[in-house]
Structure formats: C-alpha cells, structure tokens
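In what follows, a single structure is set out as structure tokens and then discussed.
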2 protein chains.
Amino acid sequence: MTRRKLETAASRATDPGVSPDTQDRQFVTSLARGLEVLRAFGPGEATLGNQEIAERTGLSKPTISRLTHTLVDLGYLSYSARNGRYQLGPGVLALGYAMIAGLEVRERARPMLEDLAASANVTVAIGERDRLNIVYLDCCRGSQTVALSLNVGSRIPLGSTALGRAILAKLPAGEREYLLRAMRERMPEDYPKIEHGVEQAIRELETQGFCTSFGDWRNDVNAVGVPVASLDGERLFGLICGGPSFTLSTETLMQDLGPRLVEIAGRLSAPRQVTAD
Amino acid sequence: MTRRKLETAASRATDPGVSPDTQDRQFVTSLARGLEVLRAFGPGEATLGNQEIAERTGLSKPTISRLTHTLVDLGYLSYSARNGRYQLGPGVLALGYAMIAGLEVRERARPMLEDLAASANVTVAIGERDRLNIVYLDCCRGSQTVALSLNVGSRIPLGSTALGRAILAKLPAGEREYLLRAMRERMPEDYPKIEHGVEQAIRELETQGFCTSFGDWRNDVNAVGVPVASLDGERLFGLICGGPSFTLSTETLMQDLGPRLVEIAGRLSAPRQVTAD
DNA sequence: ATGGGAGTTCCGCACAGCGAAAGATACTTT
DNA sequence: AAAGTATCTTTCGCTGTGCGGAACTCCCAT
C-alpha cells in the first residue's frame, strides 16, 4: 500500500479523452464516462447534441445515447426535444451548492476577503485546483462596477495565473511535475512560459511568501497569490488579490497587498503548523 | 432487504408518465449510483465516510469503495486520509457554474429581478425543479446585498413554497400527479397540506396569474410566484418575490408585487422585444 | 493486548454495458 | 414532392465490467 494517494490523486486528474490504460479494478468506467459527458458542457458550449458530445468525449454514439438518457432521467441534463440538444440540468447546480456550502475554509476566509477587497478596492478570490484549471470558490470585488454576480465556480488556467502558481508551487514536487508534464503535452507552445512562471513562483514564495502574475494571464491584469492549506492539511487552496494593471500597480501589490495576503493566509492556516513531510 | 426503494424512487422522480418499469436497457446503473453518492452530501453532511455513504445510498460497502475511489480520482470528491472522510470536490463546483452560465433565461431575467428587488426591497428569485425540490438559479435581495450568490443552488421544498407551487401548477397533469404521489409516499404527514396548496395554486394561477405561499413554508415568510417557460418551451422555471411577513404584507404581495411578477413573466416568455429581424 | 468498527481486497459469476450496424426521425436539397 | 443527408435511437449478441459475500487489514478505544 505504498503508492497510494499521491499517485492516484494525480493519475487521471488531468484530462478527458484518453482513459489511462490502468487495470485499476477500483475504477468504475461508466461513472467516469458519464461525468465526462457532463464536463463536455463548457463555457462556450451551453447546449450540445449527442453527436457533439460523442466527438468531444471520444465515446461511441450509442454509449453517449445511454449516458445522456440516464443523466436526463436523473435531472443532471435537460433535453430539448425541439432541437435534440441537451443542457446541464438543475441537479448539477444543487451539487455545486452543496460543495461550496460545506467548505469551511470559505466560511472562515470570506470576512477577510471582503475586508481586503473593500479597503484596497481590488478583487480577492479563493480557488482550488481541478485538473489543469483553478476553480473559483469565492470572490469579492472592491467597487461593484459591473456586477458579474458569480464567477464562483468559473475556471482559470493553472499555469499562468497567480492562483494557479501559488497552488502549483506549494504542491509536493511529484504531483507538481506530473501536472507540468500534462500541461506540456497539452499545450507545448505555452509550456516554456508556464514552467518559468512556476519556478519563479517557487522562489517568490520562499523569499517573500507570495507569488505574482503580472500580465501573464491577461496582459492587463496584475495579481499576487498565496497558498493556503486546509485545517486537516489535505486540501490546498490559493488566495489571490488583483486587478487591472492601470488601476493596480505592481508596486502596490508587492509592497502592500502581497504582505497583507500572506498575513491572511497565516490566519487561515492551522494555529500550529504540523508539516509532517 | 428493501434497498430498491430509494434508488428507483429517486431515479424516476424526474421522469414522469409512461416509464415502463421494465429493466431499462438505456439506463446506466453505475453512473446513477455514482451520482447518488455525490448527492448523499447534503446540507448537514459536509463530510461523509464510506460507511455513511453506504447507509444513505443503500449500496454495499465494496461498491461505495469503488465509486468513491473513482470520484476522488476524477476530482469530484476530496479525500482526507486524516479521518477517512470525503467531501465534495472542485469538479462538482465547476459543473455547477457551467450549468448556470449556460442558462439564457437567467441572463434575461436578471435585470428585471434586480430592478424589482431594489424598488420594492424584497427578495426575488428564479428556480427550477430538481426531483422533489426547487433549486435556486438566481436570487436578488433588496437591501442586504451581503450574501448575494450564496443561495444560488440551494434547495427548498417543492410542495410548500410559492416557487414550487408555481411550477407544479403549470406542469402537465400527469407529471404533477406523479410528483404528488411521490411526495405522499415520502412524507405522508405533510401531504394533505401540500395537495391543498397545489390545488389552490392552480386556481390562483387561473384567476390572478400568480400563486401564493403565505407562511406555508416558513411561517414568517410570505411570497408570490409565477411560472415561466423557457423559450423553447421545454423547461419550466418559477419566479418568486417574497420577504418576511412583518415587512411584507399579503396585501402588498397580492395587489402590487404579484401583478408585477406576472408582467415580468410575460416579458420573459415573449421574445418580441425591440428586435429588428 | 484485545476487541470492535471502518475500509479495502479477493474472487468467481452474472449480467450490465459495449459497439457495429440497422432502423427511425427530422431537416435539406433538387 | 421525393430523394438525400444528418442526427439520434434501438437492436443484438458478446465480453468484460462491476457486483457483493466473505475474508483481510488497519485504526482506535478501553
């Protein structure tokens, strides 16, 4: 039982499409496939037909037909007989809420995020890794200019954002390398920048306690980030603070906001550091 | 033992009418079971062990073991080796966001909800049915804008709320009866009230275009609701407007807010705006 | 130490779920 | 209108997946 969670946690945690040739007797394929179907509904693809799902997932049409049938039956997909297309259904949203409602880190973090967002008029967010993305768990904005009400749940890339870098940098080396490898395979052209950014983030975390992304994700967005471990030490989150580059200078981030983020992260972490690694 | 009950009841709670109880060759059991595992994580149960999941779902321990293993692998569950318990993972949240981001009704409804919530200082929400619950798809509050996105995705009962009644009342009779029957089985003691409320809602919708729930869900909450069909006519949503009974009188709801809700519902259903074809 | 409870692994069997191809339906094209 | 095209569903045997009882391991309590 030596090779346990580290490997499996990283094993399929990357990308759809190819099912890794694991003879894992513990792995339930149909479940994974069904979830892959749900995952096919991305930002740009609010509605999909069976054909499109089959293409995106690489599964055969009859399989898709059965899976969608099942998912509709359970309320995770809605079917429009009008145009033969599916949409994500209410069941999926209820699950998402249950997830966020049960997250104690979020509860504890929220007042601090609000405080910082309001006092410095920046965007503050907490996120977690999901495969090769970061998912926003919570988000506070300074001035309610344009209220894009909830990007809680939205994804941003892992490699180029301050949030992603903070998390990658804090990850055990093995897992980090696994993820970097997956990114290199998937987007070889972006990889050099990604790798460089992550290496820099590791150094920054060592020296100053927070890492940066100045224009690396969107070139008009600056942000600083810190990692935060859950109380039981099993989950790794990231905390960022950022804004448009013409509002938010790198100096402010480096000298004021970064340190404040570090301080918040300290308060969020367990009172006693039990780093048994 | 009687383990068939919960599972099948839950499965069919979405699909009304002539679902032949014959072994549905289209139905992928493992997928349904896996999703049932995720669903076991309710409001009160942020973390669960395998044993508890097995009890809640009625599945055998080895089966749960395999399903949780798979779900952890895919990022839909997080596992804490510390105490051997699971939590919903980030993947689930990303799905929820994709669902809500792809909902055009929500986009179109939002400005109207905000407007009404602000001008009348009430809570306005849009929801959809998920099995025997209503799931909030969006929610605007009048004055206290503190917790805005928090209860998106949260569930309220189908039978006693204005939202649930609006949807039940507008449903095809067969489906409505199917759901009522399911509710009678599951909560026989509450059923008489539920049935009465729904019958009343049907009458109210006919006569005044909106239905009511005055203290029937929480006895200090008043609300009025209307059904809204999606543009393609395939999905049925509900719109409510409500607040605490000491702030929001039944008269205001009946004479002012109810009609305004009806008007909003009309604008949501009618695609003929200032469109130049 | 010792017992009990929780979780995982073994194992053979049944049948769930798979995919090629045929059938059904809706939507275009000529 | 009729043939053509694209999409989705159903059929049908075969295979291998996933199932559960029982045995095994681990972790806490006491």
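Chain A is the first sequence line, chain B the second, and so forth, proteins listed ahead of strands; every chain is numbered from 1. This is a predicted model, so every value here is computed, not measured.
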Is the count of non-hydrogen atoms from other residues, nucleotides or ligands lying under 6.0 Å from A:Glu185 atom CD greater than 12? no
I'd like to know if the side chain of A:Glu128 and the backbone of A:Ile134 have a donor-acceptor N/O pair within less than 3.5 Å. no
Whole angstrom is fine here: how far is it from [atom1] in [X] over to [atom2] in [N]?
{"X": "A:Arg56", "N": "D:dT7", "atom1": "CZ", "atom2": "P", "value": "12 Å"}
{"X": "A:Asn83", "N": "D:dA6", "atom1": "CG", "atom2": "P", "value": "19 Å"}
{"X": "A:Ile53", "N": "D:dC8", "atom1": "CD1", "atom2": "P", "value": "8 Å"}
{"X": "A:Leu31", "N": "C:dA16", "atom1": "CG", "atom2": "P", "value": "17 Å"}
{"X": "B:Leu67", "N": "C:dT8", "atom1": "CG", "atom2": "P", "value": "12 Å"}
{"X": "B:Glu36", "N": "D:dC19", "atom1": "CD", "atom2": "P", "value": "14 Å"}
{"X": "B:Gln51", "N": "C:dG5", "atom1": "CD", "atom2": "P", "value": "10 Å"}
{"X": "B:Arg85", "N": "D:dC27", "atom1": "CZ", "atom2": "C1'", "value": "15 Å"}

Under 4.0 Å between a side-chain nitrogen and a carboxylate oxygen: does that hold for [X] and [Y]?
{"X": "A:Glu177", "Y": "A:Arg184", "value": "no"}
{"X": "A:Arg108", "Y": "A:Glu104", "value": "yes"}
{"X": "B:Arg82", "Y": "A:Asp232", "value": "no"}
{"X": "A:Arg56", "Y": "A:Glu36", "value": "no"}

Is any side-chain N or O of B:Thr29 closer than 4.0 Å to OP1 or OP2 of C:dG17? yes
Distance test, side-chain N/O of B:Arg33 to OP1/OP2 of D:dC19, below 4.0 Å: yes
First locate atom CG of A:Leu137, then atom OG of A:Ser154, and finally report the distance between them rounded to the nearest 0.5 Å. 10.0 Å
Nearest 0.5 Å, please: how far is CG in B:Leu93 from CG in B:Leu88? 10.0 Å
Any side-chain heavy atom of B:Leu71 sitting closer than 4.5 Å to one from A:Leu35? yes
Residue whose closest nucleotide on DNA chain D lies nearer the 5' end, A:Glu52 versus B:Thr63: A:Glu52
Polar contact flag, side-chain donor to acceptor under 3.5 angstrom, [X]-[Y]:
{"X": "A:Arg85", "Y": "A:Thr47", "value": "yes"}
{"X": "B:Ser80", "Y": "B:Asn83", "value": "yes"}
{"X": "A:Tyr76", "Y": "B:Arg39", "value": "yes"}

Distances under 3.5 Å between protein N/O atoms and the N/O atoms of nucleotides 9-12 of chain D, please, pair by pair.
residue	atom	partner	partner atom	Å
D:dT9	OP2	A:Asn50	ND2	2.1
D:dT9	OP2	A:Ser65	OG	3.0
D:dT10	OP2	B:Gln26	NE2	3.2

Could you give the angle between the helix axes at the two ends of the helix from C:dA1-D:dT30 to C:dT30-D:dA1, with five pairs per end, rounded to 10 degrees? 50°
Polar pairs (N or O, both sides) under 3.5 Å between protein and nucleotides 28-30 of chain D?
none

The side chain of A:Ser30 lies closest to which of these nucleotides: C:dC18, D:dG20, C:dG7? C:dC18
